[in-house]
A.B. asks: 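Quick one: this structure, given as structure tokens, is what I'll be asking you about.
Just so you know, these numbers come straight off a predicted model, no measurement behind them. Each ligand, and each atom within it, is numbered from 1 in the order the structure gives.
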Amino acid sequence: MSSSAPKTRGALIAIEGLDRAGKSTQCQLLMDRLAERNVPARLQKFPDRTTPIGKMINAYLSTSTTLEDHTIHLLFSANRWELSAHILKLLNDGVTIVLDRYVYSGIVFSAAKGLSLDYCRAPDVGLPRADVVLFLDLDAEVARRRGGFGGERYEVEAVQRRVRDLFKEVGEKEEGRWRVVDAGRSVEEVREVVWGVVERVVKEVEGMEVGRF
Ligand code: T5A
Ligand code: NA
């Protein structure tokens, strides 16, 4: 065991940003590019609305149920924890994982309601740490004009403004892992910026252990 070469592992790539910043669009394009380059990869969206906890979150987001702020915060975190062992295993098996939102959304959307940043981070401490976070930055007014905005609980411009400021604050603690991408550009331009970062990170993590948040 001691003489074996470091095992190739997958990269944990988080795509974050405001509602309608183009996260899901870019996640799909990134998955396509990774497939073209023969990099084994999986897409994992958070919240994952398919699990029992995810179904509770979905009911909350679609505003059909009300939940106390701490309760829904812990459910979002629990939704990440229930998938964490699976994510770790895939990474260690050499599969790159593209996350459509992760702990950063978890922190800032709850903090925007008035819970402290320290409280909001705590339940996610220990989860697999993203090797890089691509923060798709978009003016709240531009986000509002994009398709489908307004249907769900947090899709209110004042909330989105506060969320944008909080993302900036959280990103400052991530140092080199946090990359701000101007999401106001065309889909293709954003795709190329994202790929430029991901292509490098996929190579850089080879032989490195998965970190913990
Ligand atoms: N949340 C989430 C928490 O409170 N705590 C948590 O722990 C987590 C994980 C649901 C909510 O949950 C909150 C945050 C959210 O409020 P969700 O399910 O990810 O989160 O939300 P969705 O509705 O699926 O996705 P978004 O609204 O965030 O949109 P995306 O994925 O950013 O944007 P996308 O790609 O769907 O694009 C939106 C529109 O813009 C166009 C697209 O074609 C589409 O019409 N578009 C562009 N137009 C012009 N130029 C570009 N570059 C464009 N890119 C995309
Ligand atoms: Na999305």
A.B. asks: Do other residues, nucleotides or ligands put more than 12 heavy atoms under 6.0 Å from the CD atom of Glu36?
C.D. replies: yes
A.B. asks: If you measure from each non-hydrogen atom of Ser186 to ligand 1, which part falls under 4.0 Å: side chain, backbone, both or neither?
C.D. replies: backbone
A.B. asks: Can you tell which of Arg145, Arg146, Arg80 gets a heavy atom nearest to atom 50 (N) of ligand 1?
C.D. replies: Arg146
A.B. asks: Find the distance between CD1 (Ile53) and CG (Asp48) and round it off to the nearest 0.5 Å.
C.D. replies: 10.5 Å
A.B. asks: Which value, rounded to the nearest 0.5 Å, describes the distance between Glu68 atom CD and Leu74 atom CG?
C.D. replies: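 It comes to 8.5 Å.
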A.B. asks: Just jot down the ligand 1 atoms closer than 4.0 angstrom to any heavy atom of Gly22, in number order.
C.D. replies: 30 (P), 32 (O), 33 (O), 34 (P), 35 (O), 37 (O), 54 (N), 55 (C)
A.B. asks: Mark up the atoms of ligand 1 that fall under 4.0 Å of a heavy atom belonging to Arg49, in ascending order.
C.D. replies: 10 (C), 17 (P), 18 (O)
A.B. asks: Less than 3.5 Å between some nitrogen or oxygen of Arg101 and one of ligand 1, yes or no?
C.D. replies: yes
A.B. asks: Please round to the nearest 0.5 Å and tell me the distance separating atom NZ of Lys23 and atom CD of Glu16.
C.D. replies: 7.5 Å
A.B. asks: Do the charged groups of Arg129 and Glu174 touch, with an N to O distance under 4.0 Å?
C.D. replies: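 Glu174 and Arg129: salt-bridged.
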A.B. asks: Considering only heavy atoms of Pro47, which atoms of ligand 1 have at least one such atom less than 4.0 Å away?
C.D. replies: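 Listed by number with element: 2 (C), 9 (C).
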A.B. asks: Is ligand 1 under 4.0 Å from a heavy atom in the side chain of Leu61, in the backbone, in both, or in neither?
C.D. replies: side chain
A.B. asks: Check Phe76 against Ile57 and note the closest heavy-atom contact, atom names and distance.
C.D. replies: CE2-CG2, 3.4 Å
A.B. asks: For ligand 1, is there an atom lying under 4.0 Å from some heavy atom of Arg185?
C.D. replies: yes
A.B. asks: Take the angle between the ring planes of Tyr102 and Phe46 and call it parallel below 30°, perpendicular above 60°, tilted in between.
C.D. replies: tilted
A.B. asks: In terms of atom number and element, which parts of ligand 1 are under 4.0 angstrom from non-hydrogen atoms of Phe46?
C.D. replies: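 Going through ligand 1 atom by atom, the ones under 4.0 Å from Phe46 are 9 (C).
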A.B. asks: Give the atoms of ligand 1, by number and element, whose distance to some non-hydrogen atom of Lys23 is under 4.0 Å.
C.D. replies: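 Under 4.0 Å from Lys23, ligand 1 has these atoms: 26 (P), 28 (O), 29 (O), 30 (P), 31 (O), 32 (O), 33 (O), 35 (O).
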A.B. asks: So that I can tick it off, tell me whether Arg145 and Glu141 are bridged by a salt bridge, with the cut-off set at under 4.0 angstrom between side-chain N and carboxylate O.
C.D. replies: yes
A.B. asks: Taking atom 16 (O) of ligand 1 as the point of reference, which of Val142, Asp19, Leu18 owns the nearest heavy atom?
C.D. replies: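 Looking at heavy atoms only, the winner is Asp19.
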A.B. asks: Output the distance between atom OH (Tyr104) and atom CZ (Phe135), rounded to the nearest 0.5 Å.
C.D. replies: 12.5 Å
A.B. asks: With atoms numbered from 1 as shown, which atoms in ligand 1 lie under 4.0 angstrom from a non-hydrogen atom of Ser24?
C.D. replies: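 In order of numbering, the contacting atoms are 30 (P), 31 (O), 35 (O).
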A.B. asks: Looking at ligand 1, does Glu189 have a heavy atom less than 4.0 Å from it?
C.D. replies: no
A.B. asks: Within a distance under 4.0 Å of any heavy atom of Val187, pick out the atoms of ligand 1 and give their elements.
C.D. replies: 51 (C), 52 (N), 53 (C), 54 (N)
A.B. asks: Give a yes or no on whether a salt bridge exists between Asp131 and Arg200, defined as a side-chain N under 4.0 angstrom from a carboxylate O.
C.D. replies: no
A.B. asks: What atoms of ligand 1 come closer than 4.0 angstrom to any heavy atom of Ala21?
C.D. replies: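 Per the distance check, 32 (O).
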